[in-house]
Protein chains: 2
Amino acid sequence: MKPSVTPISSRDKILEVAEVLFARRGYAGVGLREVAEQAGLGKSSLFHHFKSKDALYGEVLGQVLGRIRAVLDPIVGSDVTPELRLEAWVDGLVDVLATYPCAARLLMRALVEDDPFGPELLEVNAAEQVLAGILEGIHGLLDDGVRQGVFRDMSIPHSVQTLIGATVYHFASGEFGENLLGQPLVSSDAVRRHKTELVRMLQHGLLA
Amino acid sequence: MKPSVTPISSRDKILEVAEVLFARRGYAGVGLREVAEQAGLGKSSLFHHFKSKDALYGEVLGQVLGRIRAVLDPIVGSDVTPELRLEAWVDGLVDVLATYPCAARLLMRALVEDDPFGPELLEVNAAEQVLAGILEGIHGLLDDGVRQGVFRDMSIPHSVQTLIGATVYHFASGEFGENLLGQPLVSSDAVRRHKTELVRMLQHGLLA
DNA sequence: GTCTATAGCTAGATAGAC
DNA sequence: GTCTATCTAGCTATAGAC
């Protein structure tokens, strides 16, 4: 019998704990000592797997963005009306953000940074590319809808911003959001509710 | 003749530069050495005006939240329909975020923190109170609208989150948002457009 | 691939002269 | 109210033994 928990490589373990820590306290708020401790390694051993803190951060970000893109790409490429595609896009994004609770915070932190992705670094540029792909997808989706007359005329960039804000921020809001809601952000009830509210807002606004 | 630029106290100068730096790089990303330099003081002199970095951060946050609340409180207390009040609320919030470009970033960073406001500290608790007041205002506004039948039935906390995300995130998105829009976030054109898009979304959603 | 040791620097905060 | 000097502790990163 194989062990029920597959042992993972040190590299993956580092990525795993770094993801949690960067999400919780941001790039500058995390020291590699703590990452190493939680990964069960000496601090210096990190540098065997990642050549710098920036590189580690870039890989963490790229990994998270990759998971998101893997969910959204099939949706924007699917063969249904823009209206249904948008609904599925929101549904998929909310699901993936609720599934990986670090994702929203990492992404929100990155988007709010001055220089969104840090230095000119291989790992970092890769992450940027993935994000660009995601944006292209939702931009194209909205554009389709407008050109087919399904969506009203709109400023697509502003609507993309609104979509990001309404979805990513919500799951990035941590304790604050949970206090507001009175329940965990990722509880199945809260997730369902949030989807409903978003879709209704996108379809008909707030008016009765 | 008095000088055209009123000289400000060291204390105010410190708050001024700290606001910019905390907004740009977050609490952990800013060192007091840099704050002191930009304020034209030695590092130790900061501790004469603020007893710790936490206290300085708390005051910066409280000041910014105070400015926002000063704009929104009269609006939620005004004597018009919930629909018009919500429109004015969005209008006012967007204006104040566009007027003080640090505000959105500081606020978004604070909301995404684990522990939204840091340690149990006098200055920090004050900031929390101001935020609580702002939230109470918008909550009451939405509640009024629902009870009067002007707004559809909704989860008010989720809608508050969506409103925060759609407004605060947008102005906190810095370079990323400007690249997406192709123009400065706070240009009068972009601000006008964003207001229009938000109000239309809140009123009628995206559908044609 | 992991370790100890350490370099070189910066952090927040304090003491005490002026 | 501002300064210099200093403390302790943290940081990223490297060198080199095992």
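In what follows, chains are A, B, ... by sequence order, proteins preceding strands, each numbered from 1. Computed over heavy atoms, backbone and side chain alike; hydrogens, waters and symmetry mates excluded.
- Toward the 5′ end of DNA chain C lies the nearest nucleotide of A:Gly40, the other residue of the pair A:Lys43 and A:Gly40 mapping further downstream.
- Here C:dG12 presents its P atom at 10 Å from CD of B:Glu34, a figure rounded to the nearest Å.
- Nearest to the side chain of A:His48, among C:dG1, C:dG12, D:dA13, sits C:dG1.
- The pair B:Arg67-B:Glu19 meets the salt-bridge criterion, with a side-chain N (NZ, NE, NH1 or NH2) lying under 4.0 Å from an Asp/Glu carboxylate O.
- If you take CG of A:Leu32 and P of D:dC11, they are 8 Å apart, rounded to a whole angstrom.
- At a threshold of 4.5 Å between non-hydrogen side-chain atoms, the residues B:Thr162 and A:His170 do not count as touching.
- One can place NE2 of B:His49 at 8 Å from C1' of D:dT2, the figure rounded to the nearest angstrom.
- In this structure, A:Lys51 and A:Arg33 both approach DNA chain D, and ranking their closest nucleotides by distance from the 5' end singles out A:Arg33.
- The side chain of B:Leu41 lies closest to D:dC3 when the candidates are D:dC3, D:dA13, C:dG12.
- In this structure, B:Val35 reaches neither bases nor backbone, as no heavy-atom distance under 4.0 Å exists between it and the strands shown.
- Under a 4.0 Å N-O distance rule, the pair B:Asp153/A:Arg200 does not qualify as a salt bridge.
- When distances run from any side-chain atom of B:Phe47 to the nucleotides C:dG12, D:dA13, D:dG1, the shortest one goes to C:dG12.
- For the pair B:Tyr57 OH and C:dA13 C1', the computed distance is 20 Å after rounding to whole Å.
- Rounded to a whole Å, the OH atom of B:Tyr27 is 11 Å from the C1' atom of C:dA11.
- Rounded to whole Å, atom C1' of C:dT14 lies 14 Å from atom CG of B:Leu46.
- No N or O donor and acceptor, one from the side chain of A:Ser44 and one from the base of D:dA13, sit under 3.5 Å apart.
- With rounding to whole Å, A:Phe50 atom CZ is found 16 Å from D:dT12 atom C1'.
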- [ ] Go through the steps to decide whether A:Arg109 and A:Glu113 satisfy the test salt bridge (charged side-chain N to carboxylate O under 4.0 Å, His left out), and finish with yes or no.
- [x] CA-CA 6 Å; A:Arg109 285 187 191 277; A:Glu113 287 310 315; over 6 Å; no
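- Contact annotation: the side chain of B:Leu32 never approaches that of B:Phe50 to less than 4.5 Å [non-hydrogen atoms, C-beta and beyond].
- The phosphate of D:dG1 (OP1 or OP2) has no side-chain N or O of B:Ser45 nearer than 4.0 angstrom.
- In this entry the distance linking CG of B:Asp54 with C1' of C:dA11 reads 14 Å, nearest Å.
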